[in-house]
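Keep in mind that this is a model prediction, so the values were computed, not measured. Proteins come first, then strands; the chains are lettered A, B, ... in the order of their sequence lines, and each starts at number 1.
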Amino acid sequence: MSAVTHEDVHAHHGHGPAEGLLRWVFTTNHKDIGTLYLTIALVMFFVGGAMSLVIRAELFEPGLQFVDPAFFNQMTTLHALIMVFGAVMPAFAGLANWMIPMMIGAPDMALPRLNNWSFWILPFAFTLLASTLFMEGGAPAAGWTLYPPLVLQGGNHLPFAIFSIHLLGLSSIMAAINIIVTIFNMRAPGMTMMKLPMFVWTWLITAFLLILVMPVFAGAVTMLLTDKFFGTSFFNAAGGGDPVLYQHLFWFFGHPEVYILILPSFGVISTIIPTFARKPLFGYSSMVYATASIGFLSFIVWAHHQFTVGMPIAGELYFTYATMLIAVPTGVKVFNWVATMWKGAMTFETPMLFAIAFVVLFTFGGFTGLMMSISPADLQYHDTYFIVAHFHYVLVPGAVFALMAGTYYWLPKWTGHMYDEKLAKLHFWLTAISVNVLFFPQHFSGLAGMPRRIPDYALQFAEFNAMSSIGAFIFGFSQLIFAYVIIKAVRGGEKATDEVWEGAKEHGLEWTLPSPPPYHTWEIAPEIK
Amino acid sequence: MKKTKQLLGALGLGIVGEAHADYALNMTQGVTQLSRDIYDLHMYIMWVCVAIGIGVYGLIVYSIMHHRKSKGAIPAHFHENTKLEMVWTIIPFLILLAMAVPATKVMIEAYDTSASDMTIKVTGYQWKWRYTYLDEGIDFFSSLDAKSNEARQLGSKLSPESVDHYLLNVDNPLVVPVNKKIRFVFTGADVIHSWWVPALGWKKDTIPGFVTDAWAKIEKPGVYRGQCAELCGRDHGFMPIVVEAKSEQDYKAWVVARKAASESKAQAADAEATKTFTMDELMAKGQEVYNTNCAACHQANGEGIPGNFPAIRGSAVATGPIDAHLNLVLQGKGSMMSGFAGSLSKAEVAAVVTYQRNGFGNSKGDLLQPSQVP
């Protein structure tokens with residue numbers, strides 16, 4: 001990075017990045033750490049994606065063609081764990097690191113050394129997790145939910161997978177603490193809470209969710225460990241325990257976790273739509289309250305993942321009602337985005353295309369989510385491909401599209417170069433079409449009776465599965481364009497202006513900085529009016 | 001040809017749908033009042049979502065068409081409207097209320113297992129089902145049919161297309177009468193499974209150490225197929241469910257026949273229990289028992305799957321003291337393996353233990369007679 005501005009030359013000397021590779025090991029700079037997070041996320045996105053292609057190749061036609069069912073189960077398990085903990089969460093942590101200080105007028109994150117540590121835990125955690133693939137008995141194969149007693153049947157992988165989860169949790173908690181401390185203490189003068197950019201607000205709430213639920217997950221998997229190796233019976237009925245207790249603990253973590261993946265996406269979308277509609281965000285304060293409500297509701301709806309375990313009727317009904325309520329604040333967000341677009345003067349650069357696709361397809365995933373909240377209907381939907389379709393709609397054209405939108409939006413700021421708009425648009429259209437070819441048919445196979453997590457299926461599901469697999473391969477290979485566009489922009493290209501997008505200065509402090517920004521920014525805090 | 005057809009089917013989304021006759025797009029209406037109520041609820045919510053979707057997507061599309069800079073649109077500056085925001089908070093809430101009421105009714109209906117005419121206990125095993133008719137004393141296992149099992153092996157020569165009801169067929173279906181309220185009680189023997197027949201409208205998890213229940217009153221004789229819905233290990237995709245609903249009369253006839261069959265089987269087992277077998281007899285019988293009961297995990301060649309299922313070949317148990325070996329087969333090993341004390345006859349246990357000690361290259365040379373099995 002060649003970020004030497006006048007200010008740097010005048011005020012300080014030798015405050016640029018260190019030379020060589022060790023720069024990345026020792027760095028405490030929020031921009032460097034943001035880049036590290038984003039890089040590892042992109043790599044893990046391809047690793048997890050490759051696993052999903054193994055799954056889709058096996059499911060292309062009936063019969064087993066490529067893999068043993070045991071290995072198939074390892075692929076579904078690792079695909080989910082890697083996409084959740086390896087791709088989406090680190091990617092948002094990367095965006096948070098890069099953008100939060102620049103957006104709130106802070107010189108860096110509040111706890112820079114902690115920041116370095118929380119990143120550098122990740123490569124070790126993923127190595128530990130991936131090492132299970134090469135062990136006797138292979139990787140965990142009980143699904144990312146790791147339900148006992150099934151997960152306890154596996155080979156040697158269990159302690160490795162669990163230590164990996166502990167490390168990932170540690171990393172997330174530290175990152176969350178850092179973000180909260182930064183937002184509470186390092187805002188520029190005049191940057192009141194109700195002036196915070198939406199991306200910062202959504203991350204603040206996400207960070208609280210992380211701190212509250214990661215310890216619960218760590219505790220639950222530790223109980224698995226002691227059940228397996230130290231003779232406890234938390235989840236073993238023969239010793240007075242209950243396997244369903246694990247499910248309650250897991251989903252008390254797991255439901256907020258899925259909002260941890262989606263709330264920062266809301267923030268990104270709420271940032272991008274106003275810029276390209278050339279209009280302020282509609283209903284800023286109701287957006288803040290809606291995000292907070294979703295965060296709160298996420299803690300009291302967990303057992304809607306367990307409508308078929310035989311809870312008492314009162315439990316079924318309570319979790320039905322509470323879950324339905326989520327539709328209200330989520331609806332408010334969607335209506336606000338539409339109202340922001342309404343009577344704007346829109347242009348459709350790649351970030352905006354991804355943002356609009358997000359609103360359309362995430363809303364679609366929201367509809368199926370509302371259907372699933374109706375517990376009697378969920379007695380049919382549960383554990384079928386209808387569910388698989390639902391959560392992929394909210395996570396892929398949901399969270400992942402938001403990440404792609406954000407990447408294209410801020411890439412010129414980060415690198416100082418405009419990306420290749422033609423290739424980016426090609427990437428968008430291939431991705432947006434193939435994601436629907438991939439996931440839309442799964443609604444039908446699920447409703448028609450296909451359970452999830454099966455390596456082979458009855459003949460009536462063949463057409464939809466073939467379609468889905470074709471979509472998956474187009475989707476997967478289209479992402480190589482994404483990687484290429486990023487690398488190309490990092491290496492050079494048309495020089496980006498400071499503002500990058502027309503009128504962007506009105507939509508965030510980051511656009512008042514040079515592109516690329518100097519290594520240290522806001523050493524003198526800006527004045528917010 | 002097969003592949004071309006499938007590809008055409010895939011691309012044409014059902015235009016070439018006759019490729020597979022029982023091709024479906026939507027949830028089944030099922031064959032019980034409850035399943036129809038669930039179906040109606042599903043359709044109701046779906047149409048509500050479609051209506052909201054048309055509104056929201058319509059506004060987005062309109063906005064994209066008209067409020068674009070290339071058409072010379074000048075951006076407005078409004079950024080809030082309290083009244084509007086109240087409206088779109090309250091109206092969805094009212095819509096939700098209109099959904100919650102019927103949902104509550106159906107859920108209460110689904111949970112009312114009282115006043116049932118008969119009770120069937122369903123136990124999930126890795127990877128088969130056990131059906132126990134509590135009132136009739138009928139008790140049997142139900143697993144994937146042999147032809148599907150052959151076709152589903154990795155690299156099998158038998159194509160799935162040539163198998164009737166591939167992966168949805170079993171050796172012993174669950175036979176039930178129509179128009180009787182049947183209460184099902186569920187439990188798991190090893191790990192959690194989930195018993196799901198879409199035509200009945202619901203699925204229920206089978207949890208080891210706990211009992212859950214559900215009910216069905218089937219209105220139409222017929223064969224209804226389903227599958228295990230909760231990931232339960234390697235062969236989770238290969239433990240289908242087949243329910244055969246018969247008229248009252250046919251059902252009674254089936255009960256009589258089934259009882260007679262199990263009686264004669266019990267007599268044969270009793271006779272065998274005191275008989276002395278030769279080594280060859282035990283080995284032949286043992287192989288049969290092994291292949292139906294043990295091979296799913298320990299594999300037909302006795303090699304197991306390293307790290308997941310221990311090998312029998314050369315194992316400490318199969319080459320160690322015979323008492324400990326017998327005990328393991330009878331009692332199982334916690335949630336790793338369910339015991340066979342209740343499901344195999346004395347002769348079958350004796351045969352399978354003998355086979356394991358002298359097959360796969362193990363050559364203990366000792367054998368177990370049925371009379372030695374407690």
Atom group of Ile52(B) that falls short of 4.5 Å from chain A, counting heavy atoms: both

Portion of Thr212(B) that has a non-hydrogen atom of chain A nearer than 4.5 angstrom: side chain

Region of Tyr166(B) in contact with chain A, defined by heavy-atom distances below 4.5 Å: both

Steps toward ring pair (Phe, Tyr, Trp, His ring centres under 6.0 Å) verdict (Trp342(A), Tyr62(B)): CA-CA 9 Å; Trp342(A) 193 256; Tyr62(B) 183 89; 5.4 Å; yes

Over 12 non-hydrogen atoms of neighbours within 6.0 angstrom of NZ in Lys157(B): no

Proximity breakdown for Asp242(A) and chain B, heavy-atom pairs closer than 4.5 Å: both

Distance (rounded to the nearest 0.5 Å) between Met107(B) CE and Leu379(A) CG: 4.5 Å

Atom group of Trp196(B) that falls short of 4.5 Å from chain A, counting heavy atoms: side chain

Contact origin within Gln153(B) toward chain A - heavy atom pairs under 4.5 Å: backbone

Contacting moiety of Ile356(A), where chain B heavy atoms sit under 4.5 Å: side chain

Structural part of Pro274(A) lying under 4.5 Å from a heavy atom of chain B: neither

Geometric cation-pi criterion Lys279(A) and Phe78(B), 6.0 Å radius, 45° cone: yes

Structural part of Leu41(B) lying under 4.5 Å from a heavy atom of chain A: side chain

Under 4.5 Å from any heavy atom of chain B - which part of Pro312(A): backbone

Contact origin within Asp37(B) toward chain A - heavy atom pairs under 4.5 Å: neither

Chain B contact via Leu150(A) - which portion, at a heavy-atom distance below 4.5 Å: both

Structural part of Ala110(B) lying under 4.5 Å from a heavy atom of chain A: side chain

Donor-acceptor pair, side chain of Gln380(A) and main chain of Pro198(B), under 3.5 angstrom: yes

Expected list for residues 362-375 of chain A: side-chain donor-acceptor pairs under 3.5 angstrom, two or more places apart:
unit_1	atom_1	unit_2	atom_2	d
Thr363(A)	OG1	Val359(A)	O	2.4
Thr368(A)	OG1	Gly365(A)	O	2.9
Thr368(A)	OG1	His390(A)	ND1	3.0
Ser373(A)	OG	Leu370(A)	O	2.6
Ser375(A)	OG	Thr320(A)	OG1	2.8

Residue part contacting chain B, namely of Tyr147(A), when any heavy atom lies under 4.5 Å: side chain

Segment of Asp68(A) engaging chain B (4.5 angstrom heavy-atom cut-off): both

Interface moiety of Ser156(B) toward chain A, non-hydrogen atoms closer than 4.5 Å: neither

Side chain / backbone / both / neither for Ile90(B) at chain A, heavy atoms under 4.5 Å: neither

Contacting region of Thr384(A) [heavy-atom separation from chain B under 4.5 Å]: side chain

